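Quick notes on the structure that follows.
Computed from a predicted structure; not experimentally measured. Sequence positions, counted from 1, serve as the residue numbers for this chain.
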Amino acid sequence: FQIELHKNVLTIKCEMEDKAENAENDNFTRREFSYRSFRRAFNFSDRIVNDAKVEAKYEDGILKILLPKKEEAKEKPARLIKIK
């Protein structure tokens, strides 16, 4: 995987090449190849995502990307205002 965050665009790319084993017989040799690739891009506001703390982890076949919010972008709880 290649993950890049540039100008508020998160891009995820992957290129994979699968090679099958050579099947050797008395008369022939067989070799198979397959290529798979993908690319996804997501736009984020620079006021919301804290790009310095972005993390990624690939575990058990699942890619997890953590995009923490900046403190000023987090929703603040309602404030009760007393009437005098």
Side-chain angles (χ1 to χ4, degrees):
F1 290 102
Q2 180 181 355
I3 303 170
E4 181 179 291
L5 182 60
H6 181 68
K7 293 187 179 181
N8 304 323
V9 177
L10 178 74
T11 305
I12 305 168
K13 295 189 270 186
C14 181
E15 291 186 19
M16 296 183 289
E17 176 184 340
D18 294 334
K19 294 182 184 179
E21 294 180 18
N22 291 344
E24 295 187 18
N25 196 335
D26 293 339
N27 300 327
F28 69 95
T29 301
R30 179 177 59 97
R31 190 178 286 173
E32 295 180 16
F33 297 91
S34 76
Y35 297 91
R36 296 178 284 165
S37 65
F38 73 88
R39 178 184 172 158
R40 301 288 185 271
F42 305 92
N43 293 317
F44 294 103
S45 171
D46 61 343
R47 295 180 304 233
I48 296 174
V49 176
N50 187 347
D51 60 351
K53 294 185 178 182
V54 173
E55 296 177 11
K57 180 171 39 170
Y58 183 71
E59 187 174 56
D60 297 327
I62 299 173
L63 177 63
K64 296 179 182 181
I65 302 174
L66 177 65
L67 301 166
K69 285 185 175 182
K70 289 184 176 179
E71 287 300 319
E72 58 268 18
K74 291 182 180 176
E75 189 173 316
K76 296 178 181 156
R79 187 175 64 124
L80 183 59
I81 300 171
K82 293 184 180 182
I83 301 173
K84 295 181 182 184

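To the nearest 0.5 Å, atoms CZ (Phe1) and CD1 (Ile65) are separated by 9.0 Å. In this structure, CD1 on Ile12 lies 6.5 Å from CZ on Phe38, to the nearest 0.5 angstrom.
In this structure, Thr11 and Arg39 approach most closely via the heavy-atom pair CG2-NE, 3.7 Å.
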- Could you go step by step and tell me if Leu67 and Leu5 meet the side chain to side chain contact (heavy atoms under 4.5 Å, CB included) rule? CA-CA 11 Å; Leu67 301 166; Leu5 182 60; 5.6 Å; no

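Linking ILVMFWY side-chain heavy atoms closer than 4.5 Å, directly or via other members, places Leu63 and Val9 in two distinct hydrophobic clusters.
Residues Gln2 and Glu4 form a side-chain contact, since some pair of their non-hydrogen atoms from C-beta on lies under 4.5 Å apart. Residues Ile3 and Val54 are not in side-chain contact: their nearest non-hydrogen atoms beyond the backbone lie 4.5 Å or more apart.
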